[in-house]
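Chain A is the first sequence line, chain B the second, and so forth, proteins listed ahead of strands; every chain is numbered from 1.
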Amino acid sequence: MPELPEVESVRLGLLDHVLSKEIAKAETFSERVTRRSARPLNTLAGGTLKAVARRGKFLWFDIAEPTGNHSPLVAHLGMSGQFRVNCSGLAHIHASLAFTDGTRLDFIDQRTFGYLAPDVYVPTLDNAAAGVGTEMPMIPHLVSHIARDLLDPHLDPVALAVTIVSKHTSIKKVLLDQAVISGIGNIYADEALFDAGIHPLLPANSLKGLEVSRLFMSATNVLERSLDAGGTSFDSLYVSVNGESGYFERSLNAYGRTGLPCRTCGQPIEQITVGGRSTHFCPHCQRRQ
DNA sequence: GCTAGACCATG
DNA sequence: CATGGTCTAGC
């Protein structure tokens, strides 16, 4: 379940393996992997990979075509997507980019929620760089509806706070809304709310300014801590993150700890459903109201 | 504008 | 049969 920290680890790993390489051949082995794309992957042949950028959980490769035009190749890992270099014989390889230097980048995805999509650039709304890893104020069309994430230097925290407080739904749902704030998935949403001491069912529009800034701080810390951990456990042989393994090494305080004692107060962690998602919280440290 | 369903493979 | 991220369709 790659969320922002995992996707950023993948981006950093990809830099070593694909930067300034030229695509000799791009092929797909299942139609589904390019379902979000208007054109087939093999149209990328001849392009050179100039950058690997990220916003939230979305990645894109900036590709310079032989004509000099730049266009993005968008990649979303879904729940189980991985990139690997020169992997052969593994199951669930849905696509691969072969480079002129003889190396190959393979896209593997067991649950097939992920995808690759050659796309077009559109200008960013604020004319600032589109995300981490790029200076271009241009964003792939498929990513243009995704909000900036908490680790984006061009995030406007005041505007974000205003948006959050305008929502008439639970704060947990708002945290998961990628059009409001990106990069946070079910696991880090629970962790951020626990850290901030905020009940997941609290209406977003009932939060005080102080609570919103505390939540920003908590969520940012949770993402950064995880990014540090992911960076160290990252295996550079594979440009990938094993979707599940990383979480076992991380110290989770709420997610998946149903019935276990809260690490702060000892009360059992409760599990409820919010917006169809399993939600874990401490009934004492995260009081309603 | 917000919610519920669809899409998948695995345990 | 629940899970999880995102898009789509519905109210």
Side-chain angles (χ1 to χ4, degrees), chain A residues 1-11 28-38 54-60 74-83 90-95 107-117 119 131 139-150 162-193 200-206 219 223 226 240-248 250 252 254-259 270-280:
Chain A
M1 286 71 78
E3 302 181 28
L4 186 153
E6 292 75 26
V7 178
E8 177 63 8
S9 284
V10 170
R11 188 186 73 82
T28 55
F29 310 109
S30 78
E31 293 304 310
R32 190 176 152 74
V33 71
T34 48
R35 66 192 178 282
R36 309 272 317 152
S37 173
R54 181 192 58 74
R55 176 185 285 205
K57 306 172 195 173
F58 283 77
L59 285 172
W60 65 93
V74 173
H76 197 288
L77 301 177
M79 304 200 42
S80 56
Q82 303 177 20
F83 282 108
L90 284 187
H92 310 296
I93 304 178
H94 297 300
F107 183 70
I108 303 179
D109 191 5
Q110 300 180 59
R111 296 191 180 181
T112 73
F113 278 106
Y115 57 85
L116 299 178
D119 198 9
I139 191 162
H141 182 250
L142 284 170
V143 192
S144 57
H145 65 294
I146 298 296
R148 293 186 182 274
D149 58 67
L150 283 172
V162 170
T163 303
I164 289 176
V165 177
S166 77
K167 296 288 181 184
H168 295 247
T169 184
S170 71
I171 184 60
K172 163 134 184 185
K173 279 178 141 181
V174 174
L175 283 182
L176 291 175
D177 187 342
Q178 305 298 302
V180 173
I181 178 171
S182 68
I184 299 177
N186 201 35
I187 294 171
Y188 295 126
D190 282 2
E191 292 302 306
L193 288 168
L201 283 178
L202 272 187
N205 61 345
S206 74
L223 294 176
S226 175
S240 75
V241 166
N242 181 339
E244 271 109 343
S245 71
Y247 293 110
F248 290 102
R250 278 166 215 158
L252 297 176
Y255 184 86
R257 299 196 73 244
T258 309
E270 284 184 15
Q271 179 173 346
I272 58 176
T273 298
V274 180
R277 304 277 185 281
S278 66
T279 298
H280 315 72

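We find that CZ of A:Phe58 is positioned 7 Å from C1' of C:dT6, with the value rounded to whole Å. Spacing between atom CG of A:Leu201 and atom P of B:dC2 amounts to 16 Å, rounded to whole angstrom units. Regarding A:His145, its NE2 atom lies at a distance of 15 Å from the P atom of C:dG5, rounded to whole Å. In this structure, the NE2 atom of A:His280 is 12 Å from the C1' atom of C:dA2, given to the nearest Å. Rounding to whole angstrom units, CG of residue A:Leu176 and C1' of B:dC2 are separated by 14 Å. One atom, OH of A:Tyr255, and another, C1' of C:dA2, lie 11 Å apart when rounded to the nearest Å. At whole-Å resolution of the value, CD in A:Glu3 and P in C:dG4 are 10 Å apart. Atom C1' of nucleotide C:dT6 and atom CG of A:Asn186 are separated by 13 Å, given to the nearest angstrom.
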Can you tabulate the close N/O pairs, meaning under 3.5 Å, that link protein atoms to atoms of nucleotides 9-11 of chain B?
from	atom 1	to	atom 2	distance (Å)
B:dT10	OP1	A:His92	NE2	3.2

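Under the side-chain hydrogen bond (donor to acceptor under 3.5 Å, both in side chains) rule, A:Gln271 has a single partner from A:Thr279, A:Thr258, A:Asp190, which is A:Thr258.
Between the side chain of A:Arg277 and the base of C:dT6, at least one donor-acceptor pair of N or O atoms lies under 3.5 Å.
For A:Tyr115, the side-chain atoms get nearest to C:dC7 when compared with the rest of C:dG5, C:dT3, C:dC7. Of the candidates C:dT3, C:dC7, C:dG4, the closest approach to any side-chain atom of A:Phe113 belongs to C:dG4. Residue A:Arg32 places its side chain closer to B:dC7 than to any other of C:dT6, C:dG5, B:dC7.
Using a 4.5 Å heavy-atom threshold, the side chains of A:Ser170 and A:Leu202 count as separate. The closest side-chain heavy-atom distance from A:Thr28 to A:His94 is not below 4.5 Å.
Residues passing the ring-ring contact (aromatic ring centres under 6.0 Å, His included) test with A:Tyr255, sequence neighbours excluded: A:His280.
For the residue pair A:Leu175 and A:Ile184, the shortest heavy atom distance occurs at O-CB, 3.6 Å.
Residue contacts for A:Arg36: at a heavy-atom cut-off of 4.0 Å it reaches the sugar-phosphate backbone alone, with no base atom in range.
Checking side-chain atoms of A:Arg32 against main-chain N and O of A:Thr112 turns up a donor-acceptor pair under 3.5 Å.
An OP1 or OP2 oxygen of B:dC2 is reached within less than 4.0 angstrom by no side-chain nitrogen or oxygen of A:Lys173. Between B:dC2 and A:Lys167, a contact under 4.0 Å exists linking OP1 or OP2 to a side-chain N or O. The side chain of A:Thr169 places no N or O atom within less than 4.0 Å of a non-bridging phosphate oxygen (OP1 or OP2) of B:dG1. Close to C:dT6, at under 4.0 Å from its OP1 or OP2, lies a side-chain N or O of A:His76.
A side-chain N or O of A:Ser226 and one of A:Tyr188 form a donor-acceptor pair less than 3.5 Å apart.
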